[in-house]
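Read the numbers this way: they start at 1 and go in the same order the structure lists the ligands and their atoms.
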Amino acid sequence: MFKKVLIANRGEIAVRVIQACRELGLATVAIFSEPDKDGKHVKMATEQWRLEGQPAKVYLDGAQILDIAKRAGADAIHPGYGFLAENADFARQCGEAGVKFIGPSPEVIHKMGSKIESRRVMEKAGVPVVPGTTDPVTTAEEVRSLGKKYGYPIAIKASAGGGGRGLRVVRKEEDVEQALAGAQREGASYFGSDEVYVEKYLDHPRHIEVQIIADEHGNIVHLYERDCSSQRRHQKLLEEAPAAKLNQELRGRLTAAAVKGAKALGYSSAGTVECMVSGNEFYFLEVNTRIQVEHPITEMVTGIDIVKEQLLVASGKPLSFKQEDIEPRGHAIECRINAEDPLKNFMPSPGALTRFELPHHPWVRVDTACYPGYTILPFYDSLLAKLVVWGRNREEAIERTRVALKHFIIEGVATTIPFHIAMLDDAAFLSGDVFTTYVEQEFMKRFTAAAAEKSQSEKVAATAPGANGNGSHSQSASGSAEIAMIERADTRSFEVDVNQKIFKVAVTEMIDPAKPRLVQTVRAGAKAAAPVKERAAKSASAAGTGKVQSTMHGLVKEIMVKEGAAVKTGEKIMIFEAMKMESDILADRDGIVKEINVKSGQTVDAHSLLLVIGD
Ligand code: MV4
C-alpha cells in the first residue's frame with residue numbers, strides 16, 4: 001500500500017479523498033492556491049503545500065504538482081474530478097516519475113478522450129452505439145449524405161468534445177453547412193482538434209450511466225446505474241440510483257454491456273460508462289475515466305466505498321468483492337447544492353456563507369468543504385455541497401430529501417435549494433419521466449412562473465441576511481429580497497461571566513465593503529423571466545454605452561470580433577467564463593469596435609473594460 005497520497009484537487013472531492021485515506025491509515029498531502037488557504041481540505045490533510053501562480057490555473061499545473069509530490073515524498077496522486085483527472089499526459093508523467101496516478105492507464109485515458117475512438121472500441125466489443133460514423137467527416141457533402149441515410153435530426157459532434165461542447169444538432173438539410181462549421185470551430189478552440197463525426201440525434205433520451213470498478217488483475221465489476229437526466233446546459237443538478245422505471249431486463253443488458261466494454265478497453269480503477277436510454281434501447285455515449293461527482297449515490301445503494309476501493313486497486317490489490325456480492329438496496333438521491341441563483345439563469349453567486357447549517361438526519365450524507373464563514377471563491381466551480389439521501393424506496397428517499405433540503409440553512413449566497421425543492425414536487429419527476437432536456441425545455445418555465453406568482457402574492461419585504469432564520473428558503477425562492485455580501489475580517493474569542501455562568505463568545509468584525517451599496521440585488525418575477533440574451537447583454541455592460549465590462553472575475557474564452565468590425569445590438573461578441581459557467585457577451589449598441597483590451601484566454605477582474613464600441 002502507499003504511504004502518502006497527494007490530492008491534486010480542492011473542495012469537497014479533496015475532503016472525500018482525505019477521508020478515505022484516513023480510513024486506510026495513509027498520510028495526505030493537500031495542495032492549495034493562495035486564496036484557498038482556508039479550505040477544509042487544507043486543514044484536514046497531514047501536510048499542506050502552497051501552489052504558486054494564478055488561482056484559476058494552479059490546479060492544472062501538472063509540473064508544479066508533480067514536483068511537490070516528489071518533494072513531499074508522496075507515492076501516489078489522486079486527481080479527483082476535473083482539473084488533471086482526465087489528462088493522459090499528466091498520468092504518464094506521474095508514472096515516469098514513479099508516483100502512482102490513481103486512475104486508469106494513460107493509454108486508456110487518451111483513447112477515451114477521443115469520442116470516435118471510444119465508439120470504435122465499443123462497437124467492436126459489441127456494445128450498442130448510436131447509429132452514425134466511426135470515421136471523421138470533413139465536408140458538408142458527406143454530412144448531407146449521412147443525413148439522408150439516418151434521417152434528420154442528426155448530431156455533429158467534435159471527437160475531442162464533451163460536456164456538450166462541440167455538439168450541434170441539425171434538424172434540416174439547409175442547416176448542415178453552418179452546424180458543421182460550428183462543431184469544427186468549437187472542437188478546435190476548446191480541444192485543439194476540429195475532427196468531427198455524425199450520429200443520429202435522439203430527441204428525448206434519458207442519461208443513464210453505469211459505475212464500473214476494475215483492479216489491475218483483470219477483474220471488472222459494475223455497481224449498477226445512476227440516472228443523471230436532470231441537468232441544465234450539461235451541468236447535472238440531481239442524480240438518483242437506481243434509475244426510475246428501468247426494467248430489470250434492460251438494466252441487465254446495460255450493466256453487462258458496460259462491463260464488456262470496460263474489459264475490451266483493459267480498464268482499471270473506477271470509471272463510468274455513459275449511455276443514453278430511449279424507449280427499451282440504450283446506446284453508448286462516452287467513458288469517463290475519473291471518480292465522478294455523483295459517486296456517493298452508488299455508495300449509498302451498494303455499500304461500497306468507491307474511493308477507498310480505488311486507492312486499494314491502485315496499490316495493486318485485487319478487488320475486495322465480486323459481482324455476486326453486490327446487491328443494491330433501496331434508493332439514493334443526490335442534490336447538487338450550488339452557489340447559483342436558479343431564478344437568475346443559474347448565475348454564480350460567490351461570497352461569504354453567513355450561515356451554513358447542515359441537516360442532521362439519519363439517512364442523510366452531505367459531502368462538502370464548506371463551513372460557516374467560509375467564502376465561496378469566484379475562481380472555481382460553484383458546488384457548495386452534495387446532499388445525498390437514502391430511503392428504502394424512491395418515495396421514501398424523495399420524502400427524506402424534501403425534509404433535508406428544508407433544514408439545510410445557507411445564507412449569504414443564493415443556492416439551488418429552491419430549484420431542488422420544486423423539482424421534488426414536480427409531477428414528471430415524481431413519475432420518473434425526466435429526460436435530458438426536460439429541465440431546460442419544460443421545468444424552468446414553470447419554476448420561474450411559480451416563483452413570480454409567489455412573490456406577487458407574498459410581497460415579501462426586503463430581508464437582511466440572518467433575518468430568515470426559520471428554515472424556509474423564501475429569500476432566494478420568492479425574490480424581492482436583498483442580500484448584502486459582507487466580508488469577515490477577524491474573529492476573536494472571549495469568555496464572559498454573567499451571574500456565574502460562563503459564556504464563550506466569538507466576536508467577528510463584519511466589514512460591509514461599501515456600507516450603503518448593496519452588491520447584489522435579487523429580484524424575481526418579470527426580470528427573471530426575461531430572455532437569456534437580453535440579460536447577458538445587460539449584465540455585461542451598461543445599456544447602450546458601448547463600454548463592455550466584465551461583471552465578475554473570469555476568463556475571456558473567445559472573441560468573435562476584430563477591431564474595426566461593424567457590430568449590431570445583440571450580436572454575440574465574446575464568450576466569457578466565470579465559475580466554470582459560460583455566458584455570451586452581446587453588443588449593446590450598433591457601431592464599430594474601437595478597442596479590444598483583452599485577448600482570448602485572458603483572466604480579468606470584475607469591472608474590467610473589455611471592449612469599446614463607438615461610432
Ligand atoms: C446526443 C444526444 C442525442 N443524440 N447524441 C450531450 C453531451 C455529450 N456528452 C453527448 N450529448 C448528447 N448526445 C445523440 N446522438 C443528446 C445529448 C444530450 C445529453 C446527453 C447526456 C446528458 C445530457 C444531455 C443533454 C442534452 C443533450
Side-chain angles (χ1 to χ4, degrees), residues 81-82 86 112-120 122-123 127-134 137 143 146-147 149-171 175-176 179-180 182-183 186-187 190-191 193 195-210 225-240 243 246 254 258 261 271-279 281-290 292-294 334 336 346 423 428-429 433-444 580-582:
Y81 52 69
E86 290 172 284
M112 295 301 100
S114 159
K115 307 302 154 197
I116 291 184
E117 186 60 31
S118 309
R119 274 168 67 79
R120 280 198 198 121
M122 291 299 158
E123 196 172 43
V127 176
V129 299
V130 193
T133 58
T134 40
V137 296
V143 178
L146 290 161
K149 183 172 171 193
Y150 299 113
Y152 290 91
I154 56 169
I156 306 177
K157 296 184 173 186
S159 180
R165 282 176 178 168
L167 168 72
R168 285 286 192 286
V169 181
V170 192
R171 298 198 177 270
D175 300 337
V176 162
L180 176 65
E186 269 181 34
Y190 289 119
F191 312 104
S193 158
E195 194 171 77
V196 300
Y197 65 104
V198 171
E199 281 177 2
K200 168 82 190 147
Y201 185 76
L202 310 176
D203 249 319
H204 292 294
R206 286 200 283 161
H207 173 147
I208 297 186
E209 56 186 31
V210 179
E225 84 286 352
R226 300 184 281 259
D227 188 326
C228 310
S229 300
S230 295
Q231 57 89 43
R232 181 188 167 273
R233 299 201 179 167
H234 308 286
Q235 300 292 320
K236 293 168 187 167
L237 286 160
L238 181 152
E239 302 97 339
E240 58 185 305
L246 186 74
L254 183 68
T272 303
V273 179
E274 277 190 19
C275 294
M276 290 188 293
V277 171
S278 180
E281 296 306 320
F282 71 93
Y283 306 95
F284 166 78
L285 211 49
E286 48 193 77
V287 175
N288 297 322
T289 57
R290 59 172 189 275
Q292 285 194 272
V293 176
E294 59 272 26
E334 171 177 279
R336 296 198 191 187
F346 290 83
M423 182 56 97
F429 175 78
D433 290 330
V434 171
F435 48 90
T436 50
T437 46
Y438 175 73
V439 169
E440 275 157 272
Q441 290 178 357
E442 302 188 23
F443 178 78
M444 284 314 291
K580 292 201 153 185
M581 302 260 298
E582 277 185 15

Any donor and acceptor pair, going by atom type alone, linking the side chain of Arg206 with main-chain N or O of Val277 inside 3.5 Å? no

Short N or O contacts of ligand 1 with protein, under 3.5 Å, listed by atom name?
unit_1	atom_1	unit_2	atom_2	d
ligand 1	4 (N)	Leu202	N	2.9
ligand 1	5 (N)	Lys157	NZ	2.8
ligand 1	5 (N)	Glu199	OE1	3.4
ligand 1	9 (N)	Glu286	OE1	3.0
ligand 1	13 (N)	Lys157	NZ	2.9
ligand 1	15 (N)	Glu199	OE1	2.8
ligand 1	15 (N)	Lys200	O	2.7

Ignoring hydrogens and angles, tell me if any N or O in the side chain of Lys200 forms a donor-acceptor pair with the backbone of Gly151 under 3.5 Å. yes

Between His204 and Phe435, what is the ring plane arrangement, given parallel below 30°, perpendicular above 60°, and tilted in between? perpendicular

Main-chain N/O of Thr289 paired to Glu86 side chain as donor or acceptor, under 3.5 Å: yes

Using atom types as modelled and distance alone, determine if a side-chain donor or acceptor of Arg119 lies under 3.5 Å from a backbone N or O of Phe284. no

For Ile208 against Ala243, the heavy-atom pair lying closest together: CD1-CB, 3.7 Å

